[in-house]
Amino acid sequence: MRTTAPRRRARRTLAGAGAALVLLAGAATGCSSGGGSGGQGGERGAQSTPRWNTKPASIAAVGDSITRGFDACSVLADCPEVSWATGNDPAVRSLAARLLGDAEVPGRSWNYAVTGSRMADLPAQLAGAAAHKPDLVTVMVGSNDACRPTASSMTPVAEFRSGFEKAIADLRAASPASQVYVSSVPDLQRLWEQGKDLPMVRQIWKLGICQSMLADPLSAATGATTRREQVRARVVEYNEVLREVCGKDPLCRYDGGAVFQYPFAADQLSRWDWFHPGKDGQARLAELAHRQVTAAEPPR
C-alpha cells in the first residue's frame, strides 16, 4: 500500500493537469469557433457593420432649390456654382471643396438637385446620383413639400415617409456603399420672421413664394397665425421622418436638426427674395455639413 499510493497520487495529478489543459484548449478555441456569446460571431458582427468614412472622395447632391443655389446670384435663377454641397465659388467653400479640394470638385462631384423638387422627386434624382457610385450623397429636401399654395395642400406626412423610404431603398440597391448625409428642413417660420417687416420683401413674396407660410405676412389674425403654425409643425414632422428613416440605415447620417435650428439672419438670405440662402447662407450650410460629415460620431 505504501508503494502504490504515491503512484496513484501521481496518476491523479497527471489526470488533473490533463483535464486543465483540455479546458484551457477549449477556452482558447471557443474564441475562434463562432459558438457562444463571446465567440468570433460577435467580432464578425462588429466587422460587418459599416463604418462612417469621414473623408469621402466623391460627392453627389440631390434636393431642391437650396442645393441649386437658387436666387443666390441673380433673380429667379439657379446658381449651382455657389451650392453649399457641390459649388466651386471660393466665397462659399462648398462641402465638396472642403472635402475634395478645389481642383477635384469638377470631376468628383455631381449636382442632381432640381429647383421646385419635393420628396416625390427624390428617387429619380438618387437614381442619377447612384450611377456614379459616389462615396457620399447629400440630401436636402422637404421645403417644397411644406411650401404649397395653401397649408391644406402640404404633402401628408405618411406620403413623405414612404417617399423617403423608397428613395433610400432604391439607392441602397443601386449603390450599397454610398454614405448619405441628410439635412433637416429649414425653419420656414424663422425665414418669414426675417423679411416680413420689409415692404419691398412683402411685395416680392406676393409673386407666389411659399404662400402656405408667407401669404399675408403681416396678418396677426387667428387664421394666418394658425396657418403659419401648421406649416412649422409639418416641417417638424418631416424632420422627424428624416431622422427616423435615416437612423435605420448604418450608412446614413442625419444632421440632428442643425439646419432647422440654424438662426439665419437677413444678411445671409437672398437679396432678391429674402427666403432662399444667399452666398453667405450657402457658406454656413457648407460649414454645418462639413462639421457633421467629418465628425467621428453622428450628432446627438
Side-chain angles (χ1 to χ4, degrees), residues 54-117 125 129 134-144 181-188 190-191 193-195 198 200-201 204-205 209-210 253 255-295 299:
T54 59
K55 297 180 180 180
S58 56
I59 302 174
V62 298
D64 54 32
S65 56
I66 296 178
T67 302
R68 290 300 297 177
F70 182 80
D71 264 4
C73 303
S74 58
V75 63
L76 299 179
D78 288 348
C79 188
E81 57 266 32
V82 303
S83 167
W84 66 273
T86 60
N88 57 13
D89 190 313
V92 173
R93 293 193 66 229
S94 70
L95 177 62
R98 294 170 196 241
L99 290 174
L100 312 178
D102 293 336
E104 298 298 324
V105 171
R108 291 183 173 273
S109 67
W110 307 273
N111 193 324
Y112 282 90
V114 178
T115 292
S117 291
Q125 292 183 17
D135 284 356
L136 178 69
V137 178
T138 67
V139 177
M140 182 182 282
V141 69
S143 293
N144 291 315
Y181 169 74
V182 178
S183 167
S184 50
V185 182
D187 187 345
L188 304 180
R190 179 173 183 84
L191 300 180
E193 291 171 348
Q194 293 305 306
L198 301 175
M200 182 179 68
V201 174
I204 292 172
W205 287 354
I209 299 174
C210 196
R253 181 172 284 192
D255 75 355
V259 171
F260 177 80
Q261 296 164 8
Y262 186 78
F264 284 102
D267 59 359
Q268 293 174 327
L269 301 177
S270 165
R271 59 177 176 171
W272 287 281
D273 66 25
W274 278 265
F275 192 71
H276 290 86
K279 281 189 180 184
D280 189 69
Q282 291 282 346
R284 300 291 75 75
L285 291 173
E287 181 181 13
L288 287 173
H290 183 257
R291 189 183 309 158
Q292 305 279 7
V293 170
T294 59

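Under the 4.5 Å side-chain criterion, counting only non-hydrogen atoms from C-beta, Phe275 is in contact with Leu188. Proximity of Arg98 to Thr294: side-chain heavy atoms (C-beta onward) are nowhere separated by under 4.5 Å. For the pair Asn88 and Pro106, the minimum side-chain heavy-atom distance is 4.5 Å or more. Side chains of Val62 and Thr67 form no contact here, defined as non-hydrogen atoms less than 4.5 Å apart. Proximity of Arg253 to Val293: side-chain heavy atoms (C-beta onward) are nowhere separated by under 4.5 Å. In this structure, the side chains of Pro80 and Thr86 stay at 4.5 Å or more apart for every pair of heavy atoms.
Taking each heavy atom of Ala113 and Arg68 in turn, the nearest pair found is O-CD, 2.9 Å. Of all heavy-atom pairs between Ile66 and His276, the closest is CG1-CD2, 4.4 Å. Between Ser117 and Val141 the shortest heavy-atom distance is O-CG2, 4.4 Å. Gly256 and Pro299 get closest at one heavy-atom pair: N-CG, 3.8 Å. Counting all heavy atoms, side chain and backbone alike, Ala258 lies closest to Ser184 at N-OG, 3.7 Å.
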Next on the checklist: Let's go through Phe264 and Leu285 carefully: what are the C-alpha distance in whole Å and the side-chain angles of both, what is the deciding distance for side chain to side chain contact (heavy atoms under 4.5 Å, CB included) to 0.1 Å, and is it a yes or a no?
Outcome noted: CA-CA 10 Å; Phe264 284 102; Leu285 291 173; 3.8 Å; yes

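The main-chain N or O of Trp84 is found under 3.5 Å from a side-chain atom of Gln282 such that the two form a donor-acceptor pair. At least one donor-acceptor pair under 3.5 Å links the side chain of Asp135 to the backbone N or O of Ala57. Side-chain atoms of Glu81 do not come within 3.5 Å of backbone N or O of Asp89 as any donor-acceptor pair. Judged by distance alone, with hydrogens and angles left aside, the side-chain atoms of Glu104 form no donor-acceptor pair with the main-chain N or O of Gly101 at under 3.5 Å. Side chain of Asp71 to main chain of Leu76: a donor-acceptor pair is present (N/O by atom type, distance under 3.5 Å, no hydrogens or angles). Between the side chain of Ser58 and the main chain of Arg108, no donor-acceptor pair closer than 3.5 Å is present. Without hydrogens or angle criteria, Ser94 side chain to Gly87 main chain gives a donor-acceptor distance under 3.5 Å.
To the nearest 0.5 Å, the span separating CD on Gln268 from CG on Leu191 amounts to 10.5 Å. Separating the CG atom in Asp273 from the CD1 atom in Ile209 is a distance of 4.5 Å, to the nearest 0.5 Å. The line from CZ of Arg291 to CG of Asp255 is 11.0 Å long, rounded to the nearest 0.5 Å. Note that CG of Leu95 is 11.0 Å distant from CG of Leu288, once rounded to the nearest 0.5 Å. Within the model, atoms CZ of Arg190 and CD of Gln261 stand 11.5 Å from one another, a figure rounded to the nearest 0.5 Å. Here the OG atom belonging to Ser183 is positioned 9.5 Å from the CD atom belonging to Gln292, to the nearest 0.5 angstrom.
Defined by atom type and a distance below 3.5 Å, a donor-acceptor pair is missing between the side-chain atoms of Tyr262 and Glu287.
For Arg284 and Asp280, the salt-bridge test passes: some basic side-chain N is under 4.0 Å from an acidic carboxylate O.
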